[in-house]
Number of protein chains: 2
Amino acid sequence: MNLLKGLEKEYYIEKYTIQSLFSFDISPFVQVFQFEKGNFIIQEGSAPEYLFYMVEGKAKLYVSHKNGKVSLINFLTPPIFMGEIELLNEEKYSKSIQTSSKCICLGIAIEKCKEKLLADAHFLKYLCIFLSNKSTAHSTKYTKHQAYPLENKLAEFILLSSHEDIYREKHTEISEYFGVSYRHLLHTFAQLSEAGMIEKIKMSYKILDREKLQALADEIK
Amino acid sequence: MNLLKGLEKEYYIEKYTIQSLFSFDISPFVQVFQFEKGNFIIQEGSAPEYLFYMVEGKAKLYVSHKNGKVSLINFLTPPIFMGEIELLNEEKYSKSIQTSSKCICLGIAIEKCKEKLLADAHFLKYLCIFLSNKSTAHSTKYTKHQAYPLENKLAEFILLSSHEDIYREKHTEISEYFGVSYRHLLHTFAQLSEAGMIEKIKMSYKILDREKLQALADEIK
DNA sequence: TCAAATATATGAGATATCTCCTATTATTAT
DNA sequence: ATAATAATAGGAGATATCTCATATATTTGA
C-alpha cells in the first residue's frame with residue numbers, strides 16, 4: 001500500500017472531482033491510497049480509520065464464518081464507498097475487502113472529520129443515494145439468484161468477468177459467490193462445455209459461442 | 001384510508017416524536033394516515049406523493065412481474081420508512097405496499113418539502129442510518145436464505161409469525177416469500193407435522209413442540 | 001527446491017426443490 | 001345463493017444441488 005503525495009495525489013483528487021461530494025473543504029482530510037493487487041483495504045474486526053471511496057481498480061468483499069471459513073460476498077467496482085456503514089454506526093468492520101487488481105482509493109480520516117461529514121447535507125444526500133442504489137441492486141441480485149438455476153447465472157457471469165474471451169477465476173471463490181457447492185459449479189461448467197459454449201484451455205476457459213451464452217444469460221429477468 | 005385530524009393527529013405525532021427526525025418545523029407538512037387492513041399504502045407505477053414513516057401496524061412489500069404474477073418480498077414492521085428510494089431518485093414506485101393490519105403512517109408531502117428534506121443534515125443522517133441498517137439486514141437475510149433448506153427457515157418463520165401458538169398465513173404468499181414452489185412448502189409443512197412439531201387444525205397450524213422448532217431455527221447462523 | 005497447502009477434477013448416491021396434474025375446499029363477486 | 005375465483009392438498013417423476021470420497025495438479029512457504 002502506498003500513500004500518494006504531491007502531483008500524483010492532486011491528479012486523482014481532481015480527476016474524480018472528490019470535492020464535489022462535500023460542501024466543506026475536504027482537502028485537509030483526504031489521502032490517496034494506492035493498493036497493490038492482493039492488499040487488504042479493510043480488515044474484518046479492525047477499527048475504522050478511513051471512509052474509503054474507490055475510484056479505480058477492482059476488489060472483493062469477504063465475510064468470515066465462525067468455523068474460520070471465508071466467503072466471497074461481492075465484487076466491488078468504482079465508484080463505490082467502503083466503510084460507510086461503520087462510519088454511520090460506530091462499529092468495527094464486519095467484513096474484509098481485498099483488492100483483485102491495483103486500486104486507487106480516496107480515504108477520508110474518520111476521526112478528524114466524522115462530525116463534519118455527518119453534518120454535511122450535501123455529502124449525506126449523496127451517501128443516501130448511494131445506499132439506496134446499493135439496496136436496489138442488492139434486491140435485484142437476490143431475486144435473480146433465488147429464481148434461476150446456476151447455469152443461467154454462470155453464463156451471465158462468464159460474459160461479465162471474461163477478458164478477450166478468456167474466463168479465469170478461481171472455482172473455489174466463485175462457488176462461494178454463488179452460494180453453491182464446488183462440485184455443482186464444476187458440473188455446470190461441464191454442461192456449458194458439452195453444449196459447446198466454452199472450452200477448457202489449461203487453467204482457464206475460452207468462450208466459443210457468445211450468442212448461446214448470452215441467450216442463457218438473457219433468460220434471467 | 002383515513003386522514004386523522006385534530007387531537008388524534010397530534011397524538012401520533014407526539015407519541016412517536018416525529019419532530020425529532022428533522023431540524024426544521026415539520027408540522028406543516030405532516031399528515032397522519034390510518035390505513036385499514038388490505039389498503040395499499042403505495043401502488044407500483046404511481047408517482048410518489050408522500051414519504052411515509054410507519055409507526056404502527058404491519059404491511060407487506062410486493063413486486064409484480066412481467067407475466068402479471070405478484071411476489072411477496074418482505075414483511076414490513078415499524079418503525080420504517082417507505083418510499084424513501086423514490087424520494088431520493090425521482091422514480092415512480094417500483095413496488096407495492098399493502099397493509100396486513102390497521103396501520104398508522106406519518107406522511108410527508110414530497111412536493112412541498114423535498115428540497116427541505118434533502119438539505120436537512122439531521123434528517124439525512126437518520127435516513128442514512130436507516131438505509132445502512134436495511135442493507136445489513138438484507139445481507140443477513142440473503143446469506144441465510146442461500147445457505148439453509150426451507151425446513152429451518154420455515155421453523156424460524158412459524159415461531160416469529162404465530163400468535164398464541166397458532167400459525168395462520170397464506171401458503172401462496174409464504175411460498176413466494178421464501179422463493180420456493182407451493183408444492184415444496186406443503187411438503188415441508190408435512191415434514192414438520194410428521195415430526196410432531198406442529199399440527200394442522202382447520203385452516204391453520206398449532207405449535208405442539210416449540211423447543212424442537214426452535215432447535216431447527218437455531219441451526220441457522 | 002521440496003513439502004505442505006490449496007485448487008482442480010470427477011464419481012456416486014442422497015436430498016431439496018421443481019413441474020405438472022388433479023381434486024377438494026374457501027372466498028369473492030354477481 | 002350460486003357461480004367463479006383463489007387457496008389448499010397431495011401424487012409422481014424430473015432436475016438442481018449437496019455431501020462425501022478420492023485423485024491429481026498447482027501454488028506457496030520455509
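Proteins come first, then strands; the chains are lettered A, B, ... in the order of their sequence lines, and each starts at number 1.
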Once side chain to side chain donor-acceptor pair (under 3.5 Å) is applied, do any residues pair with Q146(A), and if so which ones, sequence neighbours excluded? Y142(A)

Would you say a side-chain N or O of K170(B) is under 4.0 Å from OP1 or OP2 of dA26(C)? no

May I have the list of side-chain donor-acceptor pairs in residues 159-166 of chain B shorter than 3.5 Å, sequence neighbours left out?
{"unit_1": "S161(B)", "atom_1": "OG", "unit_2": "F157(B)", "atom_2": "O", "d": "2.8"}
{"unit_1": "S162(B)", "atom_1": "OG", "unit_2": "I158(B)", "atom_2": "O", "d": "2.9"}
{"unit_1": "S162(B)", "atom_1": "OG", "unit_2": "L159(B)", "atom_2": "O", "d": "3.4"}
{"unit_1": "D165(B)", "atom_1": "OD1", "unit_2": "R210(B)", "atom_2": "NH2", "d": "2.5"}

Taking only nitrogen or oxygen atoms into account, show me every contact under 3.5 Å that the protein makes with nucleotides 3-5 of chain C, one pair per line with its distance.
none

Enumerate the protein-to-nucleotides 15-19 of chain C contacts in which both atoms are nitrogen or oxygen and the separation is below 3.5 Å.
{"unit_1": "dT17(C)", "atom_1": "OP2", "unit_2": "L150(B)", "atom_2": "N", "d": "3.1"}
{"unit_1": "dT17(C)", "atom_1": "OP2", "unit_2": "H184(B)", "atom_2": "NE2", "d": "2.8"}
{"unit_1": "dT17(C)", "atom_1": "O5'", "unit_2": "H184(B)", "atom_2": "NE2", "d": "3.2"}
{"unit_1": "dC18(C)", "atom_1": "OP2", "unit_2": "S181(B)", "atom_2": "N", "d": "2.7"}
{"unit_1": "dC18(C)", "atom_1": "OP2", "unit_2": "S181(B)", "atom_2": "OG", "d": "3.1"}

Would you sort out whether Y53(A) and I80(A) count as a side chain to side chain contact (heavy atoms under 4.5 Å, CB included), showing the intermediate values? CA-CA 6 Å; Y53(A) 187 71; I80(A) 190 170; over 6 Å; no

Between dT10(C), dA9(D), dT26(D), which one does the side chain of M203(A) approach most closely? dT26(D)

Among side-chain atoms of N133(A) and N89(B), is any donor-acceptor pair under 3.5 angstrom? yes

With a 4.0 Å cutoff (strictly under), does any side-chain N or O of T172(A) reach OP1 or OP2 of dT8(C)? yes

Quick one: list whatever passes side-chain contact (heavy atoms from CB on, under 4.5 Å) with K114(B), sequence neighbours left out. L87(B), E90(B), I110(B), L118(B)

F52(B) ring center near F33(B) ring center (under 6.0 Å): yes

With a 4.0 Å limit, can you tell me whether K202(A) has a side-chain N or O closer than that to the phosphate oxygens OP1/OP2 of dT26(D)? no

Integer-rounded Å distance: dA7(C) P and I174(A) CD1: 12 Å

How long is the line joining CG of L72(B) and P of dA6(D), in whole Å? 18 Å

Donor on one side chain, acceptor on other, Y62(A) and E44(A), under 3.5 Å: no

Compile the donor-acceptor pairs under 3.5 Å between side chains in residues 197-209 of chain A and protein atoms, sequence neighbours left out, one pair per line.
{"unit_1": "S204(A)", "atom_1": "OG", "unit_2": "I201(A)", "atom_2": "O", "d": "3.2"}
{"unit_1": "D209(A)", "atom_1": "OD1", "unit_2": "E211(A)", "atom_2": "N", "d": "3.3"}
{"unit_1": "D209(A)", "atom_1": "OD1", "unit_2": "K212(A)", "atom_2": "N", "d": "3.1"}

